[in-house]
Protein chains: 2
Amino acid sequence: MPNNQFKKGELYSFITGKASIAIARRLQKKFNASGLQLTIEQWSVLYHLWKDDGKSQQDLCNATFRDKPSITRLVDNLEKLELVKRVPSEADRRINKIYLTQQALKLQEQTMAMAEETLNEALEGVPPEHVDLCKEVLQQVYDNLK
Amino acid sequence: MPNNQFKKGELYSFITGKASIAIARRLQKKFNASGLQLTIEQWSVLYHLWKDDGKSQQDLCNATFRDKPSITRLVDNLEKLELVKRVPSEADRRINKIYLTQQALKLQEQTMAMAEETLNEALEGVPPEHVDLCKEVLQQVYDNLK
DNA sequence: GGCATACGGTTGTTTAAACAACCATTCCAA
DNA sequence: TTGGAATGGTTGTTTAAACAACCGTATGCC
């Protein structure tokens with residue numbers, strides 16, 4: 001017998017992830033309000049490159065939890081915006097390494113500040129220990145299903 | 001000073017909602033494996049109609065946290081699948097009331113069972129009281145931002 | 001060396017989301 | 001009562017996700 005039974009009224013909200021959608025929308029609005037022509041999905045790719053530039057597209061698939069075609073097209077669009085450049089790997093010619101442009105490096109500080117601000121607004125009034133526990137639950141869910 | 005400060009490494013996972021994406025993908029796979037030609041988004045509309053048939057499109061917008069064009073197109077596709085019918089309201093001719101077909105009523109039991117199964121898989125090993133607290137946090141986040 | 005297999009990436013197609021612009025109906029207030 | 005605002009819904013456009021099919025390169029085994 002499973003250890004968690006659901007009342008039907010609770011079921012839906014867990015599947016749809018309204019909270020993370022709301023966070024993403026809020027962050028997108030901040031980008032738009034600042035005149036940044038950047039989608040959250042594009043930002044999420046830059047985010048991982050700021051941490052570790054020169055990742056392959058496959059690395060970005062793993063990091064962002066997206067499939068290969070999704071990353072191909074996100075990189076396409078980021079290249080059009082001149083925020084990243086595909087550089088074929090010398091060692092393995094199948095691989096594209098993705099590098100940030102100067103323009104993209106300049107966006108890091110501003111957009112990360114907006115992301116932190118958004119999270120602070122989202123978690124207003126939530127005790128930090130509850131946040132930690134919530135993160136653990138969501139991580140466990142992810143691990144259970146991936 | 002905000003009551004929650006984020007280390008950068010933790011920030012991304014909260015924004016992307018990997019857990020709910022993983023849940024939705026798992027449920028979609030169950031639909032596909034059962035031969036159901038039904039997307040999660042379409043299912044989410046049916047879900048609210050099973051609870052309360054004859055909702056307007058605007059009601060569905062509020063219930064599903066989607067905008068009007070999204071619901072227009074979801075209802076378009078559900079009508080093509082002959083799972084719902086638009087019925088213009090007698091009282092207010094701007095309004096379409098959306099009614100389930102017999103075919104859609106038959107899907108309820110099967111798909112709700114799959115949804116509950118998916119959630120039980122997702123929350124395997126998570127103490128019920130942690131689930132409750134997690135739901136509260138996510139609800140608070142949603143309320144903070146909506 | 002040669003061939004099957006795996007891997008990294010791209011392309012095509014369908015579905016959906018966000019946003020702006022639009023139309024018809026209804027409501028309200030001067 | 002009529003003209004403007006609000007409401008419910010649709011359409012157009014861009015971006016993205018999922019899935020299948022595909023191509024070129026690398027790997028490993030005989």
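Reminder, nothing fancy here: chain letters follow the sequence lines and each chain counts from 1. Note that the structure is predicted; figures quoted are calculated from it, not measured.
Rounded to a whole Å, the CG atom of B:Leu78 is 11 Å from the P atom of C:dT15. What separates CG of B:Asp92 from C1' of C:dC23 is a distance of 15 Å, to the nearest Å. Here C:dT25 presents its P atom at 15 Å from CD of B:Glu90, a figure rounded to the nearest Å. Residue B:Ile21 contributes atom CD1, which lies 12 Å from atom C1' of D:dA16 at whole-angstrom precision. Taking atom CD1 of A:Ile23 as the reference point, atom P of C:dA18 lies 15 Å away to the nearest angstrom. Taking atom CD1 of residue A:Ile95 and atom P of nucleotide C:dA6, one finds them 18 Å apart after rounding to whole Å. Between the P atom of D:dA18 and the CD atom of B:Gln37 lies a distance of 18 Å, rounded to the nearest Å. Straight-line distance from the CG atom of A:Asn32 to the C1' atom of D:dT14: 13 Å, rounded to whole Å.
Within 4.0 Å (heavy atoms only), A:Asn77 reaches sugar-phosphate atoms of the nucleic acid but no base atom. Within 4.0 Å of A:Gln28, counting heavy atoms only, lies no atom of the nucleic acid at all.
Here B:Leu145 contributes atom CG and A:Thr118 contributes atom OG1; the two are 8.0 Å apart, rounded to the nearest 0.5 Å.
Nucleotides of DNA chain D nearest to B:Arg86 and A:Gln42 differ in position, and the one nearer the 5' end is that of B:Arg86. A residue-by-residue look at A:Ile40 and A:Arg93 shows that A:Ile40 has its nearest nucleotide of DNA chain D further toward the 5' end. Positionally, the nearest nucleotide of DNA chain C for A:Val75 lies more toward the 5' end than for the other of A:Val75 and B:Lys80.
Looking only at distances, a side-chain donor or acceptor of A:Glu79 sits under 3.5 Å from a matching main-chain atom of A:Arg86. Distance alone, capped at 3.5 Å, is enough to place a donor-acceptor pair between the B:Ser89 side chain and the B:Ala91 backbone. The backbone N or O of A:Ala104 sits less than 3.5 Å from a side-chain atom of A:Trp50, completing a donor-acceptor pair.
Listed by residue number, A:Arg66, A:Asp67, A:Pro69, A:Ser70, A:Arg73, A:Leu74 are the residues of residues 57-74 of chain A with a heavy-atom contact under 4.0 Å to DNA chain D.
Under the 4.5 Å side-chain criterion, counting only non-hydrogen atoms from C-beta, B:Ser44 is in contact with A:Tyr12.
If you check distances only, the side chain of B:Arg94 does reach the base of D:dT7 with a donor-acceptor pair under 3.5 Å.
The residues A:Asp76 and A:Arg73 are annotated as not salt-bridged, no charged nitrogen and carboxylate oxygen being separated by less than 4.0 angstrom. No salt bridge links A:Glu117 with A:Arg26; every basic N to acidic carboxylate O contact stays at or beyond 4.0 Å.
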